[in-house]
Q: 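Take this structure, written in structure tokens, and hold onto it; I'll ask about it next.
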Amino acid sequence: MSLELQVNYRKAEEKDWEKILELYNSLSSEDLYLRFFSYHRLTLEEAKKIVSGGDHYTIVAESEGKIIGEGTLYNDGEFALVVHPNYRRIGIGTKIVKKLIEKAKEEKLCGVKFYTLPDNYPMIRIGKKLGFTISEDVDEVFGYLKLNCS
Ligand code: COA
């Protein structure tokens with residue numbers, strides 16, 4: 001994978017649902033579990049719901065005509081993301097989380113948070129790098145970043 005890869009980060013649009021479905025079809029069952037805390041495959045309706053907004057804001061990472069990453073921030077400050085397996089470890093996940101934090105600040109949210117499993121090193125690493133307080137339990141890790149909402 002070239003380090004010179006051009007990646008564009010933008011808000012998800014209605015037309016993106018098919019490419020988001022392709023992204024999710026590239027994921028392992030474990031990846032899906034980490035994203036949704038369940039093992040099922042994304043349906044067409046769920047892909048359309050991701051791009052529809054409402055109670056959430058979704059950002060996509062786009063490169064070479066494909067959507068290679070997706071991150072969603074919910075109104076309560078919780079967020080989750082995935083990066084295509086072929087495009088990991090080059091900073092895309094970190095960048096998506098930074099963009100979601102920017103959006104949360106714009107929306108004057110008081111904090112952002114994520115839940116993951118204790119063996120999800122990359123996600124915990126992202127949280128630690130970006131200043132999240134990490135609470136580790138036996139079966140779950142919780143990351144919280146307080147924002148200035150006053
Ligand atoms: N082994 C060791 N370190 C790894 C790693 C691996 N397999 N994958 C990533 N890292 C490290 C990176 O080196 C980086 O650390 P650094 O900044 O100190 O170098 C950090 O983890 C983050 O890497 P980054 O490239 O920004 O993230 P990514 O684009 O690989 O995406 C995830 C990270 C978590 C989004 C991606 O692994 C993924 O989609 N996982 C499945 C879904 C998931 O877990 N989502 C999170 C739900 S909250």
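Worth saying up front: this structure is predicted, and the values here are computed from it rather than measured. We count ligands from 1, going down the list as the structure has it; atoms in each ligand are counted the same way.
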Q: Between K95 and K99, is any pair of side-chain heavy atoms under 4.5 Å apart?
A: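 In short, these two side chains touch, coming nearer than 4.5 Å.
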
Q: Which atom names give the shortest non-hydrogen contact between L32 and Y39, and what distance separates them?
A: CD1-O, 4.3 Å

Q: Give yes or no for whether the N/O distance cutoff of 3.5 Å, strictly under, is met between L81 and ligand 1.
A: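 Indeed, backbone or side chain, L81 has an N or O that close.
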
Q: Nearest 0.5 angstrom please: L42 CG to I20 CD1, how far?
A: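 Reported to 0.5 Å precision, the distance equals 8.5 Å.
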
Q: Are the side chains of V51 and E13 in contact, using a 4.5 Å heavy-atom criterion?
A: no

Q: Which residue supplies the protein heavy atom nearest to atom 48 (S) of ligand 1, what is that atom called, and how far is it?
A: Y115 O, 3.8 Å

Q: Provide, to 0.1 Å, the distance between atom 15 (O) of ligand 1 and the closest protein heavy atom, together with that atom's residue and name.
A: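 Minimum-distance protein heavy atom for atom 15 (O) of ligand 1 reads R125 CG, 3.4 Å.
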
Q: Judged on heavy-atom distance to atom 21 (O) of ligand 1, which of A80, G93, P122 sits nearest?
A: P122

Q: Has E140 got a side-chain atom pairing as donor or acceptor with D137's backbone, closer than 3.5 angstrom?
A: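 No.
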
Q: Is there a heavy atom in T116 that sits closer than 4.0 Å to ligand 1?
A: no

Q: Among protein heavy atoms, which sits nearest to atom 25 (O) of ligand 1, and what does the distance come to when rounded to 0.1 Å?
A: G91 N, 2.8 Å

Q: For atom 31 (O) of ligand 1, tell me which residue out of L23, T72, V83 has the closest non-hydrogen atom.
A: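 Selected option, by shortest heavy-atom distance: V83.
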
Q: A side-chain contact here means heavy atoms from C-beta on lying under 4.5 Å apart; do K105 and I101 qualify?
A: yes

Q: In terms of residue, atom name and distance, what is the protein heavy atom nearest to atom 44 (O) of ligand 1?
A: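 Its nearest protein heavy-atom neighbour is N120 ND2, 2.8 Å.
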
Q: Kindly check if the number of other-residue, nucleotide or ligand heavy atoms within 6.0 Å of NZ (K108) is above 12?
A: no

Q: May I ask you to list the atoms of ligand 1 that are less than 4.0 angstrom from any heavy atom of L34?
A: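 Within the 4.0 Å cut-off of L34, ligand 1 contributes 42 (C), 43 (C), 44 (O), 47 (C).
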
Q: How long is the span from the CG atom in D31 to the OH atom in Y24, to the nearest 0.5 Å?
A: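 Separation between the atoms: 10.0 Å.
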
Q: Looking only at protein heavy atoms, which one is nearest to atom 41 (C) of ligand 1, and how far off is it?
A: D31 OD1, 3.6 Å

Q: Short list, please: which atoms of ligand 1 are under 4.0 Å from a heavy atom of I90?
A: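 In order of numbering, the contacting atoms are 25 (O).
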
Q: Below 4.0 angstrom from a heavy atom of V82, which ligand 1 atoms are there? Numbered from 1 as shown, please.
A: 39 (O), 42 (C)

Q: Using 30° and 60° as the class limits, which term best fits the ring planes of Y87 and H84: parallel, tilted or perpendicular?
A: perpendicular

Q: If you count the atoms of ligand 1 from 1 in the order shown, which ones are under 4.0 Å from a heavy atom of K129?
A: 17 (O)

Q: Around atom 11 (C) of ligand 1, find the nearest protein heavy atom and jot down its residue, atom name and distance.
A: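 It is Y121 CE2, 4.2 Å.
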
Q: What atoms in ligand 1 come closer than 4.0 Å to a heavy atom of T94?
A: 22 (C), 24 (P), 26 (O)

Q: Which heavy atom of the protein is the closest neighbour of atom 22 (C) of ligand 1, given with residue, atom name and distance?
A: I126 CG1, 3.5 Å

Q: Mind checking the CD1-CD spacing from I68 to E22? Nearest 0.5 Å is all I need.
A: 13.0 Å

Q: Which of the numbered atoms in ligand 1 are below 4.0 angstrom from a heavy atom of R88?
A: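 What qualifies from ligand 1 is 30 (O), 36 (C), 37 (O), 38 (C), 39 (O), 40 (N), 41 (C).
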
Q: Can you check whether R35 reaches T72 side chain to side chain, under 4.5 Å on heavy atoms?
A: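 R35 reaches T72 side chain to side chain.
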
Q: Within the distance-only criterion (no hydrogens, no angle test), does the side chain of S63 pair as donor or acceptor with the backbone N or O of Q6 below 3.5 angstrom?
A: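 Judged by distance alone, yes, a pair lies under 3.5 Å.
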
Q: Just to confirm my output: which protein heavy-atom neighbour is closest to atom 30 (O) of ligand 1, and how far is it?
A: R89 N, 2.9 Å

Q: Atom 1 (N) of ligand 1: protein heavy atom closer than 4.0 Å?
A: yes

